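Remarks on the structure that follows.
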Number of protein chains: 2
Amino acid sequence: MPSITVENYVKQIYLAGQQQQPTGGQVSMGRLAAAVGVVPGTVTTMVKALVADGLVDYEPRGGVTLTRDGERLALHVLRRHRLVELLLVRVLGLDWSEVHAEAEVLEHAVSDKVLERIDALLGSPTVDPHGDPIPSAKGKVDGTRRHSLAECTVGRPLRVARVTDQDPAFLQFIDRCGLVPGAAVTVEGRDASADAVLVRPDGRRAVTLGGAAAEKVLVEG
Amino acid sequence: MPSITVENYVKQIYLAGQQQQPTGGQVSMGRLAAAVGVVPGTVTTMVKALVADGLVDYEPRGGVTLTRDGERLALHVLRRHRLVELLLVRVLGLDWSEVHAEAEVLEHAVSDKVLERIDALLGSPTVDPHGDPIPSAKGKVDGTRRHSLAECTVGRPLRVARVTDQDPAFLQFIDRCGLVPGAAVTVEGRDASADAVLVRPDGRRAVTLGGAAAEKVLVEG
DNA sequence: AATCCAACTTTGATGATTCAAAGTCTCGGC
DNA sequence: GCCGAGACTTTGAATCATCAAAGTTGGATT
């Protein structure tokens with residue numbers, strides 16, 4: 001069985017590879033070190049172990065990419081993480097802003113049997129409380145690319161699909177604004193010079209978001 | 001924070017101390033090694049670390065006893081273990097015979113916040129699916145000593161209170177007999193020479209249990 | 001082409017946990 | 001009082017994951 005450490009490295013490689021589409025999925029050692037929270041030297045060491053386990057391909061001074069096995073493991077960890085988050089919100093009543101940290105630990109402690117019970121109890125959901133897609137048991141993920149509030153059409157009724165930041169303070173702010181996944185919104189205006197976006201959640205006070213915040217709120221519709 | 005290893009040692013010291021009332025709660029190194037599943041030498045090493053952490057008192061070639069802090073930690077781990085077991089049975093629908101192994105891992109991954117949500121969801125239960133008492137958040141446990149089927153009164157209507165073995169095969173057997181916690185039973189007879197106890201679960205076929213099995217089923221009433 | 005810098009790798013060391021095997025103690029029997 | 005057996009401790013070594021700090025490298029800058 002992969003250790004908790006290995007699961008975390010593989011998960012972070014996957015997530016980092018998702019964010020930066022530019023490079024061919026190759027994740028730099030520095031980026032990975034930051035994501036995992038260790039010094040770069042540690043990553044060099046660990047990556048060699050991951051190569052030996054057949055989970056990643058590694059090009060010295062280039063970066064790492066997941067092998068098929070590595071990606072399968074990453075998606076399995078992510079499935080556990082996201083189903084656990086949803087369980088914590090829907091069944092145990094935790095706030096969506098706090099479940100990420102809890103799931104970060106629980107994702108390494110949930111067996112396949114328990115995982116599939118959670119999935120069944122929740123009705124095989126496709127997204128977690130943040131709108132992040134839940135990989136299927138077979139390792140398929142919804143790879144839909146969505147526009148953020150920073151780049152979507154102005155004036156058209158949209159729906160918040162996903163919030164791509166796990167910081168509890170940010171999520172609570174999003175909550176207060178009424179920009180949670182599922183909420184109807186319209187972008188009323190955008191000011192490039194001011195790096196600002198004026199957003200109106202349906203039936204709520206309009207909010208001005210800076211570009212960085214707007215980019216974290218993905219919409220559909 | 002105590003490591004998973006430390007939590008396990010402390011838990012096992014507590015459990016071993018419960019079983020053998022004889023010694024003044026002092027658990028031998030060999031017993032602890034067997035309980036934790038390591039060689040004796042490892043226990044000697046680890047116990048020294050536990051002493052340094054103020055969790056146990058250790059008398060070389062005598063044994064270990066938990067300090068107040070050690071007992072508090074042990075009860076906290078046990079609370080997590082038992083509440084998780086009950087959650088797995090009542091909410092996720094797992095079989096009581098399989099939840100022990102799952103809880104063995106999850107008990108180290110559940111935060112206090114999640115734990116108290118589980119407790120609330122289940123209505124602050126006092127026993128887990130095996131009838132083992134759940135320590136309170138403040139570290140109090142029901143210390144009631146119960147008689148087993150091997151020693152209780154013959155011919156009197158009783159109720160199964162607890163099954164003190166976590167082996168799935170044994171628990172499934174108990175299940176098939178109808179001797180699960182809560183079930184009404186009567187001991188119809190006992191044959192000391194044959195080391196056998198004849199037990200009749202209410203409205204079921206009578207079963208003959210050997211002494212070792214009978215000792216694992218505790219009753220009340 | 002010479003140099004510099006940031007990113008990366010290497011090296012040496014540490015802490016936690018474990019085992020195997022060798023050494024030591026203690027208690028019961030003689 | 002001596003001796004052996006079993007229980008316990010010690011010793012030496014291994015594994016995993018990590019860090020600090022020193023050494024490389026490759027491409028960008030001049």
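Remember, predicted model here, so these are calculated numbers, not experimental data. Here is how names work: the chains are called A, B, and so on, in the same order as the sequence lines, proteins then strands, and each is numbered from 1.
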In whole Å, I'd like the distance from the [atom1] atom of [X] to the [atom2] atom of [N].
X        : N      : atom1 : atom2 : result
B/Leu32  : D/dA7  : CG    : P     : 15 Å
B/Leu50  : C/dA16 : CG    : P     : 12 Å
A/Met1   : D/dC16 : CE    : C1'   : 17 Å
B/Lys48  : C/dG15 : NZ    : P     : 17 Å
A/Met46  : D/dT15 : CE    : P     : 15 Å
B/Asp53  : C/dT17 : CG    : C1'   : 14 Å
A/His108 : D/dA17 : NE2   : P     : 12 Å

Counting only side-chain heavy atoms from C-beta out, which of [options] sits nearest to [X]?
X       : options                : answer
B/Met29 : D/dC8, C/dT18, D/dT24  : D/dC8
B/Thr5  : C/dT10, C/dT17, D/dA17 : C/dT17
A/Val38 : D/dT25, C/dT18, D/dT18 : D/dT18
A/Arg61 : C/dA7, C/dA20, D/dT18  : C/dA7

Which part of the nucleic acid, if any, lies within reach of A/Ser28 when heavy atoms closer than 4.0 Å are counted: base, sugar-phosphate only, or nothing?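 Sugar-phosphate only.
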Under 4.0 Å between a side-chain N or O of [X] and OP1 or OP2 of [N]?
X       : N      : value
B/Tyr9  : C/dA16 : no
A/Ser3  : D/dA17 : yes
B/Thr42 : C/dC19 : yes

Decide salt bridge (Lys or Arg N to Asp or Glu O under 4.0 Å) for B/Glu98 and A/Lys113; before the verdict, give the C-alpha distance in whole Å, the side-chain angles of both, and the deciding distance to 0.1 Å. CA-CA 10 Å; B/Glu98 60 190 348; A/Lys113 180 168 259 165; 2.8 Å; yes
Please check: side-chain N/O of B/His130 versus main-chain N/O of B/Trp96, any donor-acceptor pairing under 3.5 Å? yes
Step by step, would you call B/Arg146 with B/Glu151 a salt bridge (Lys or Arg N to Asp or Glu O under 4.0 Å)? CA-CA 10 Å; B/Arg146 300 194 183 287; B/Glu151 68 213 0; over 6 Å; no
Run the numbers on B/Arg117 and A/Glu102 for salt bridge (Lys or Arg N to Asp or Glu O under 4.0 Å), then give the verdict. CA-CA 13 Å; B/Arg117 292 296 181 130; A/Glu102 301 283 355; over 6 Å; no
Does A/Gly41 or A/Val6 map to a spot on DNA chain D nearer the 5' end, using the closest nucleotide for each? A/Val6
Under 3.5 Å donor-acceptor pairs involving side-chain atoms of residues 1-9 of chain A, not counting sequence neighbours:
| unit_1 | atom_1 | unit_2 | atom_2 | d |
| --- | --- | --- | --- | --- |
| A/Ser3 | OG | A/Thr5 | N | 3.4 |
| A/Ser3 | OG | A/Val6 | N | 3.1 |
| A/Glu7 | OE1 | A/Arg80 | NH2 | 2.7 |
| A/Glu7 | OE1 | A/His108 | ND1 | 2.6 |
| A/Glu7 | OE2 | A/Arg80 | NH2 | 2.7 |
| A/Asn8 | OD1 | A/His108 | NE2 | 3.0 |

